[in-house]
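Input: a single structure, listed below in structure tokens.
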Amino acid sequence: MIVAAVNAGSVDQVFVLAKHALLARTPDALQPLASAIISIIPLLVVFPSLFAITTVLERKGLGRMQNRLGPNRVGPFGLLQPAADGIKALIKEDVVPAAADQLVHFFAPVIFVAAAFVAYAVLPIGRNMVIVNLNAGVLFFFAVGSVVELSVFMAGWSSRSKYSLLGAMRAIAQMISYEVPLVLASVPAIMQAGSLSTVDIVNAQAGYTGIWPHWYLFTPWGIVGFGLFLIAATAESNRSPFDLPEGESEIIAGYFIEYSGFKFALFFLAEYLGMFATSALGITLFLGGWSAPLGISLFTVVPSYIWFFAKLLGFICFFIWIRGTLPRLRMDQLMGFAWKFILPMALLNIFVTGLWRFLPASPLNSIRWIVCAAVLAAPCVVLSMSLKQKKKLLIRTYHFAE
Amino acid sequence: MIGTGILKGLAETARNFFLSYVSKDRLTTVQYPEQRLPQIEAARNFPFLVYDGAEWDAGMRCVACQICEKECPPKCIFIEKSKDKKPDAVGKPQFYPARFDIDISVCMSCQICVEVCPFDAIKMDVEFDLPTDDRFAGLMLDRHKLSKSNEYYHEIHPTEATAVDTALDAERAKAAAAKAAAAAPKPASPAATAASAASTPKPTEGESK
Amino acid sequence: MSTITLPTPPVLNPPASLEASASENPERLLELSLGPQHPSTHGVFRMNVVLDGERVVRLKPVFGYLHRNHEKIAENETYLGNMPYTDRLDYICSLTNNWAYALAVEKLAGIPVPERAEYLRVITAELTRLLNHAALVGFLLQDMGASGTPLMYAFREREKILDLFEALTGARMMCNYMRFGGCRVDAPAGWLDQARKVVADFPKFLDEFEKLLVSNEILMERTQGVGVLSRELAISSAISGPMARASGLNYDIRKVDCYGIYPRFSFRVPLGSHGDVYDRYMIRILEMRESLKILEQALRDIPEGPILDPKSKPRGFRPKPGECYGRIEAPKGELGFYLISDGSPNPYRYRVRPPSLINLTVLEDLCLGHNVADVVVILGSVDIVLGEVDR
């Protein structure tokens, strides 16, 4: 494995160097605390700003897909719209139903946001830029991610409203169903890298052969794993086409129907943060984290965190694209899809990763590729046909009256 | 293969996204109030009273016949006749409305008042920008607010206004010819003298039709 | 039309299995009121559903929130004065409402209609059908969560037709265009060419729409096999319009009654075989294509001439005493007006047969056993407008 001769350029490491400079000035006793705070503050600033930008991007992107302009009155090209939305959310009256469980109702959005933020602790944003390099980073991420499901249920249950109860039930069923494929889809990357630490996984992909990167995406199991991860991530973040828990046209806002004002904004924030976190994990596991797509100097000279955010933007655009196109799946179809298609494919993917490791790595990897691709493709086709067959979904032809 | 239909849909949406930057057909937003859609000639919103000439009070065509008040389906027109008369659009002395109120909070823009008016006095306006902060008095338009000039009518509905003007001019010509014939010196023939005696100008009673 | 022998009406109760599970544990059931304020009930419409988990056990529609005394007001208005009120019945398709009423009055009083007016009526009615079906298909997809994209495309096309209506009648929505004996005003210069252009551009939109959605797996999963209306139930519940044709019932009033000049146009009537939501949706798209055919023929053949019967005048209309029922194939079904005249300028009795309401009576049977998410989709496919349901 040829590691590209990249100098730890000062632009690339500017934040790391700044942090070291600041730490050098603090007294020794306070250094661990100061280190933690200095690491967290950029997180608390950058990702909510990304959330603000995403809301505008989403509305304008959806607008363009629907042949209309998105918001364009507040600020140039509508870029100050999040400020207007934020002010609106803050000055709205906070209505809590009298029958609601007040404590749980209050803490649900708080826990949601807290859990979403904590998950960022193990994600490497750039070279040497991770808040905490845990040995079991990926495991930590999934553990914290499950707290999100708890908070969703807290919100739905404590609101004491039939619509929110329906939404909470659906949310729990959906999130649990898709948690399993999410974890299983990330196992191949862990197997290949040999470690649960996110930093190790990224470093394993940061090399280049010639100009081609060692991303796990460029392997047959990587492609399938990435696809499954993407679908499961969409479902975990309650994004269309899996946004049944907040199915706007049926149960109006589902589990956060009784929230207004700032708490509603917090739910929104937490949902998007969760989306970013899961996308960031997907980037870490399959897309090489902060490494550049090609080994040419034009790309490698760009700082690592820029690449990370570029890939994250790509994910966001993809989510927006999917949202603008697809209608939502019904509950039973959603779960059937998870348990009957995604889960078997994820298990098969793990098996194929093992196969990949033990097949000889011939010069062009061609034997490995052909065998693994065949083993993956055939059951995929069979499974999808059997799904269609069971429901007899056909494109029908219609006849006309004589 | 599962997903082909979805991929086709995604391709369609992406196509619309990129084309919206390029072709006008794919971005149909008109940014009101900076941009406006071209005014369609036949459009109608609320009625207005037409007046000829420069003075709205003297030139109003309405003769307070109250036909529009009777035919209006939601009964939103309120008319009170005057006691005296003034010449109408054709020159004949007629009554005129001392009060002509339309309650535009009730008016449903059905245009029946325009259809039944025999004097081309009430026509449909196109102005929709009529906000007010008084829910009752602000939405009850009196005859001053309702009166707009014939030139304005030509601006908003040119074809109709031209046709109406042609018809009115013909009527005015007929009325003027009748008046001239009645005032001209008659030839001295017994039948003609008897006819002229019978048709000596008397002050014509202005009857409302 | 051949006579239909009515079968014995089917039992309209929830199936035994659902009743049993519901009665053995009534606390399991959740009673939910969908509406009247709801994003997807197409107006102020309320459905009291009783749910067992996510499945519907009973459904009771509650409507009347938009009742405006239309029929009583009509008894105190002149016949012409009622015409603008008919616009507001099915407020998306005002021109077909106008035509149905004008047809009923013309039948009552025996008023002939000139050729050009008949052609204009057909053109406006078919354009209205395009409007309605485009809006409905867009809303159906919006209710399924496609976040408005197909809806925006449908409305982009509707705008072109609404501009046509504004140029012809003066208003986009409340057109008040038909009169007894013809139409109110003739098409202005250039209108027919503009209409031909719109009709020529429309198939492109239909193709795009089909590409976006017809083979979409998610759509197929959500609509096929959902809300199946059997042919027998359709006949015995007096269902009409695209909903009946999707269940295989060959009943299109344009072919049955041959009103107006429809016999002159060649068009086909699409029929479905399954009677589910997918069929209703596809039948409407196919009907849009057939309407385009009719429009092409009508725009090609429209003659010059008067547009109003010369003997008709706007005031003082007093039909002879009698009664009549006039009906047309409105985009939603059979829209009929029943009038009783007693010789005065106001009708003695004025009754509207609203297709939306009659089609709604089977809602419970369609929704039983399905999920809550399906209820919204089924309601969308029934195609109701509350203005017509409540009058």
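Within every chain, numbering begins at 1; the chains are lettered A, B, ... in the order of the sequence lines, protein sequences first and strands thereafter.
Annotation for Lys145(B): atom NZ counts as buried by contact number, over 12 foreign heavy atoms lying within 6.0 Å. Counting non-hydrogen atoms of other residues, nucleotides and ligands closer than 6.0 Å to CD of Glu55(B) gives a total of 12 or fewer.
Only the side chain of Glu77(C) comes within contact range of chain B, with heavy atoms under 4.5 Å apart. Neither the backbone nor the side chain of Ser109(B) comes within less than 4.5 Å of any heavy atom in chain C. For Leu219(C), no part sits under 4.5 Å from any heavy atom of chain B, backbone or side chain. Heavy atoms closer than 4.5 Å to chain B are found in both the backbone and the side chain of Asp163(C).
Considering only heavy-atom pairs separated by less than 4.5 Å from chain C, the leading option among Arg15(B), Lys8(B), Met108(B) is Met108(B). If you tally non-hydrogen atom pairs under 4.5 Å between each of Met124(B), Lys75(B), Gln111(B) and chain C, the highest count goes to Gln111(B). Chain B forms more heavy-atom pairs under 4.5 Å with one residue of Glu159(C), Arg172(C), Met152(C), Glu166(C) than with any other, namely Glu166(C).
Using a 4.5 Å heavy-atom cutoff, the side chains of Asn176(C) and Ile112(B) are in contact. Between Glu12(B) and Glu208(C) the shortest side-chain heavy-atom distance falls below 4.5 Å.
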Task: Working for side chain to side chain contact (heavy atoms under 4.5 Å, CB included), residues Glu71(B) and Arg315(C) - done: CA-CA 8 Å; Glu71(B) 297 290 324; Arg315(C) 305 182 61 213; 3.4 Å; yes

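Looking at Arg184(C), its side chain never comes within 3.5 Å of a backbone N or O of Glu115(B) through a donor-acceptor pair.
Taking both residues in full, the closest heavy atoms of Asn16(B) and Tyr153(C) are given as ND2-OH, 2.9 Å, listed atom of the first, atom of the second, then distance. Closest approach of Arg44(B) and Cys175(C) over heavy atoms only: NH2-O, 3.3 Å.
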